Protein chains: 2
Amino acid sequence: MLKEELKMKNIEQVLRSKKIKVTPQRMAVYSVLKNSTNHPNVDMIYKKLKPEYPAMSLATIYKTVEVLKQVGLIQELNTGEGSIRYDANTSNHPHIACIECGRVDDIHDVNIPPCGGELKTEIEEKTGYTVQKQQLYFFGICPDCHK
Amino acid sequence: MLKEELKMKNIEQVLRSKKIKVTPQRMAVYSVLKNSTNHPNVDMIYKKLKPEYPAMSLATIYKTVEVLKQVGLIQELNTGEGSIRYDANTSNHPHIACIECGRVDDIHDVNIPPCGGELKTEIEEKTGYTVQKQQLYFFGICPDCHK
DNA sequence: CATCTATTAATAATTGTTCTCTTTTTATTT
DNA sequence: AAATAAAAAGAGAACAATTATTAATAGATG
């Protein structure tokens, strides 16, 4: 069995275990996110799936990303460009967004110290909040827009 | 001269130095932001100014915050709640947002290590971006929503 | 004082997202 | 394998935040 198929089988199990039905649309949306590195928004997912699923509506994609988010299979990114992007990598990693073209990239292997349990506790004590998650965004000009 | 008046005089000079006209509306919007701790969005600013400036329109506030942002007197906060909030404190400090009620608070005096010149350089080298700014958001449940 | 330009206010238009309703599909039980 | 109930998809209207357009107004400039 191919690695790719194996991954998808796992997703099916995650959905079923949460009593959420497995549909072609859901698998397709997840597949787009899993196989892309550009953190697409709903419209980009829509356009990507159009050829293969011409009947699929925007509303379905909105509903699907919401479900996938609730289940914890994807996470939202909001860089303030007006639409929400999605990332199938749900680990807590920083992102960098281009203020010219909107492009969003992951930042890997950079030593970002905060966010350990220690910091979380400190913030909870000082603010009175219960901290659930965090997002670190950098903003700048991407290589392409420099040209 | 009162401290408050002094602050406003300075703002006037900043605007004039950038060839931007000083108008009652602009001063009023800035004043709301400078004297609030709740990081209001456009609608909250609008409602706040309604009694004193009943003729002021939402569009004016949208344009005003844009001008103030360009000039560097305020910064945007986007916690993904659907509308943009504004902060007259333009220093680089983290924020925490309540996922229940949307409330946004500053995080002060917490030891957030990143963001020094060293990290910036590392990110620029690894990503090819020119880094201009960053935003660190925490999300959780605020004290009020816990009750 | 007259003119020129920037700003305001009102309104229309746009965009991303959500909602409602009907039809279709899925998972389950015979 | 067919029947069934529940969930999901599809279509389009509705919505809310924001932006663009326009005409009127105010301030600055010569």
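Computed from a prediction, not measured in an experiment: that's the story for all the values here. In what follows, every chain begins at residue 1, and chains take the letters A, B, ... in the order their sequences are listed.
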Using a heavy-atom cut-off of 4.0 Å across all strands, would you classify A:Ser83 as base, sugar-phosphate, or nothing?
sugar-phosphate
Are OP1 or OP2 of D:dT18 and a side-chain N or O of B:Tyr62 less than 4.0 angstrom apart?
yes
If you pin A:Val67 and B:Glu66 to their nearest nucleotides in DNA chain D, which one's is more 5'?
A:Val67
Consider the side chain of B:Arg26, meaning its heavy atoms from C-beta on, and name the nucleotide among C:dT7, C:dT17, D:dA9 that approaches it most closely.
C:dT7
Looking at the side chain of B:Ile84, which of D:dT18, C:dA9, D:dA9 is the nearest nucleotide?
D:dT18
Answer whether the closest heavy-atom distance between the side chains of B:Ile99 and B:Ile141 falls below 4.5 Å.
yes
Choosing from D:dT18, D:dG12, C:dT11, which nucleotide comes nearest the side chain of A:Ala59?
D:dG12
Between B:Lys63 (NZ) and C:dA9 (C1'), how many Å, whole number?
8 Å
Identify each atom pair where a protein N or O and an N or O of nucleotides 22-30 of chain C are less than 3.5 Å apart, giving names and distance.
residue	atom	partner	partner atom	Å
C:dT26	O2	A:Lys21	NZ	3.1
C:dA27	OP1	A:Arg16	NH1	2.9
C:dA27	OP1	A:Val22	N	3.4

Looking only at heavy atoms, which two atoms of B:Lys126 and A:His108 are closest? And how far apart?
CD-O, 4.1 Å
With heavy atoms under 4.0 Å as the rule, sort A:Ala55 into base, sugar-phosphate or nothing.
sugar-phosphate
Could you state the atom-to-atom distance from NZ of B:Lys69 to C1' of D:dT18 in whole Å?
12 Å
Between C1' of D:dG10 and NZ of A:Lys50, the distance in whole Å:
11 Å
Do we see a donor-acceptor contact under 3.5 Å between the side chains of B:Tyr137 and A:Asn78?
no
N-O pairing of A:Glu66 and A:Lys69 below 4.0 Å:
yes
Search all heavy atoms of A:Ile74 against all heavy atoms of A:Tyr86 and return the closest pair with its distance.
CD1-CD2, 3.7 Å
To the nearest Å, give me how far apart OH (A:Tyr46) and C1' (D:dG12) are.
12 Å
Divergence of helical axes at both termini of the helix from C:dC1-D:dG30 to C:dT30-D:dA1 - five pairs an end, 10° steps
30°
Any salt bridge between B:Asp144 and B:Arg103, counting N to O under 4.0 Å?
yes
What is the nucleic acid contact for B:Leu58, judged by heavy atoms within less than 4.0 Å: base, sugar-phosphate only, or nothing?
nothing
For residues A:Asp105 and A:His95, is any side-chain donor paired with an opposing acceptor at under 3.5 Å?
no
Nearest-Å distance, CE (B:Met27) to C1' (C:dT7)?
16 Å
To the nearest Å, give me how far apart CG (B:Asn78) and C1' (D:dA17) are.
12 Å
Spell out, as yes or no, whether a donor-acceptor pair under 3.5 Å connects the side chain of B:Arg85 to the backbone of B:Asn38.
yes
